[in-house]
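All values below were derived from every heavy atom in this structure, side-chain atoms included, with hydrogens, water molecules and symmetry-related copies excluded. Here is how names work: the chains are called A, B, and so on, in the same order as the sequence lines, proteins then strands, and each is numbered from 1.
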Amino acid sequence: MSSIQQKNKIFGIIDANNFYVSCEQAFNPKIKNKPVIVLSNNDGCVISRSKEAKALGIKMGQPFFEIKDLVEKHNVIAFSSNFSLYADLSYRFHEILSLYFPKVEIYSVDESFIDLSEFNNYDLHSYLKMIKENIYQWIKIPTCIGVGRTKTLAKLANEYAKKNQEYNGIFIALTKEKELEILTKNKIEDVWGIGKKTVNFLKKNNIYTPYDLIQQNQYWIRKNLTINGLKILYELKGLSCKEIESNVIQRKKSATISRSFRKVITEKEELESKLLEFCVKLSEKLILHNLVPEYLGLYLRSNPFDKNEVYYSNHSMIKLPYPSNSIETLKKNSFELLKKIYKKNIKFKKMGLYALGLRENYLGIQKNLFEQYSKRSNELSKLIISLFNYYNRLGKRKILFGKNLMYGYLFSDNPSTIIRSGKYTLAIEEVMEVYIK
DNA sequence: TCTGGGGTCCTAGGACCC
DNA sequence: TCTGGGGTCCTAGGACCC
């Protein structure tokens with residue numbers, strides 16, 4: 001087999017299979033090899049499916065009410081989301097990777113890019129196999145690994161490994177033959193960064209595989225698919241445009257707390273009480289990341305699916321008098337925003353509070369008239385948050401950095417009619433009990 | 001009856017300036 | 001009988017990802 005340019009970088013991506021479902025199965029071996037799904041907040045829609053659930057035709061993001069018959073008929077096991085548990089397993093997953101690889105980029109709750117450029121002398125396949133097995137042994141999470149000359153090719157290799165069981169979850173596309181295999185045998189929609197809209201456009205132009213795409217003229221791609229499309233083209237050709245980004249340098253640019261309400265809300269006072277809760281959550285998230293926002297925004301909307309009501313959606317944003325992540329500041333300003341966008345007699349279904357223009361809360365940023373006030377305020381915020389957490393009995397939580405890492409900081413899981421699994425690793429009263437005969 | 005939440009990046013177009 | 005050109009900055013909205 002001919003090996004492609006050894007000097008080049010080697011990218012790997014490792015991700016968990018059906019992560020949330022796998023988390024549930026990790027603590028409940030009885031539900032392995034069965035159709036299992038995890039639902040979003042309010043048990044609204046499906047956000048994770050086991051292999052068997054996928055085989056039944058259950059789609060990602062599908063509303064739960066649409067599949068209730070299917071669920072009953074095939075004894076599909078449905079869980080309400082238990083994000084604090086998933087966040088903890090996510091932390092453990094990433095911790096294990098950092099044991100084996102010096103350069104890791106946490107890309108999401110369940111996947112990381114790894115720099116394999118220095119691993120030329122290893123038998124890569126058996127090394128990766130060993131890691132995959134260790135992860136399974138330690139946290140019982142099955143994974144897939146893809147390797148390629150660029151991030152996009154690694155993603156494609158990972159996708160290929162997932163679809164073709166015979167590779168046992170590892171595909172290394174570092175020879176011309178293997179690279180051609182993932183380019184020709186994957187579909188265009190499997191390419192990272194090519195979404196629904198673009199797929200439709202490309203198919204109209206007779207482009208069905210990644211291989212078809214790289215035959216195209218780069219000016220045509222740039223014109224029709226913007227700079228992003230051009231980067232994808234280069235990456236598929238083996239020219240790396242996306243580096244492994246160290247998570248220490250990476251910084252969040254925005255933070256949002258948003259919820260759909262189980263029941264619609266029309267009264268301003270009720271929205272205010274929800275909003276206060278959002279402020280606590282947002283403050284906590286910002287303090288965890290040591291960030292302060294310059295801008296604060298709020299949006300409200302009614303139910304877009306309700307055909308009997310006129311759809312209402314509005315938002316507003318303000319520049320804060322000075323950057324602050326204290327609950328008091330967030331509350332005062334968000335309540336002002338609510339006044340602006342609230343409208344009587346609207347059945348509100350969703351609200352979101354977001355912070356923009358985040359910067360590091362280094363000492364001195366608040367060196368102004370408000371300094372003393374801010375300091376006190378900050379301590380107060382922390383106190384309120386810890387009280388909140390105490391009452392929510394979540395115990396200790398870990399801080400994770402990652403561009404798309406967002407599930408770790410929720411502290412009131414909504415009550416629900418579906419089963420919620422235990423906080424096995426987080427709350428002492430919910431730790432599993434094992435009896436040895 | 002019941003439709004998630006949290007992110008990033010890019011572009012077009014308007015406001016404004018000289 | 002006639003309405004510049006070029007630049008910056010900001011924002012809304014689209015597309016995509018997990």
Between [options], which nucleotide has the shortest distance from any of its atoms to the side chain of [X]?
X	options	result
A:Lys253	B:dG6, B:dC10, B:dT8	B:dT8
A:Asn228	C:dA12, B:dC10, B:dG6	B:dC10
A:Ser108	B:dG6, C:dC18, B:dT8	C:dC18
A:Phe65	B:dT8, B:dC10, B:dC2	B:dC2
A:Thr256	B:dT8, B:dG7, B:dT3	B:dG7
A:Tyr107	B:dC10, C:dC18, B:dG4	C:dC18
A:Lys350	B:dG5, B:dT8, B:dC10	B:dG5
A:Ile227	C:dC18, B:dC2, B:dT11	B:dT11
A:Ser260	B:dG7, C:dC18, B:dG5	B:dG5

Taking only Lys NZ, Arg NE, NH1 and NH2, and the carboxylate oxygens of Asp or Glu, determine whether [X] and [Y] approach each other closer than 4.0 Å.
X	Y	result
A:Lys151	A:Glu235	no
A:Lys332	A:Glu328	no
A:Lys339	A:Glu336	yes
A:Asp306	A:Lys349	no
A:Lys155	A:Glu111	yes
A:Glu189	A:Lys203	yes

Stretch residues 189-207 of chain A: residues that reach within less than 4.0 Å of DNA chain B through a heavy atom: none

Gap separating the CG atom of A:Asn28 from the NZ atom of A:Lys34, nearest 0.5 angstrom: 9.0 Å

Straight-line distance of A:Phe65 CZ to A:Lys68 NZ, nearest 0.5 Å: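 Rounded to the nearest 0.5 Å, the CZ-NZ separation comes to 9.0 Å.
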
Along DNA chain B (nearest heavy atom to each residue), the more 5'-positioned of A:Val46 and A:Thr226: A:Val46

5′-ward residue of the pair A:Pro63/A:Arg222 relative to DNA chain B: A:Pro63

N/O (side chain, [X]) to phosphate O (OP1/OP2, [N]) under 4.0 Å:
X	N	result
A:Arg301	B:dG4	no
A:Lys252	B:dG6	no
A:Lys155	C:dC18	yes
A:Lys263	B:dC2	no
A:Ser254	B:dT8	yes

Difference in axis direction between the ends of the helix from B:dG5-C:dC18 to B:dC18-C:dG5, five pairs, 10°: 10°

For C:dC2, glycosidic torsion class - syn if within 90° of 0, otherwise anti: syn

Check: A:Leu225 and A:Leu202 side chains under 4.5 Å, non-hydrogen atoms: yes

Whole-Å P distance, C:dC18 and B:dT3: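 Those two atoms are separated by 25 Å.
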
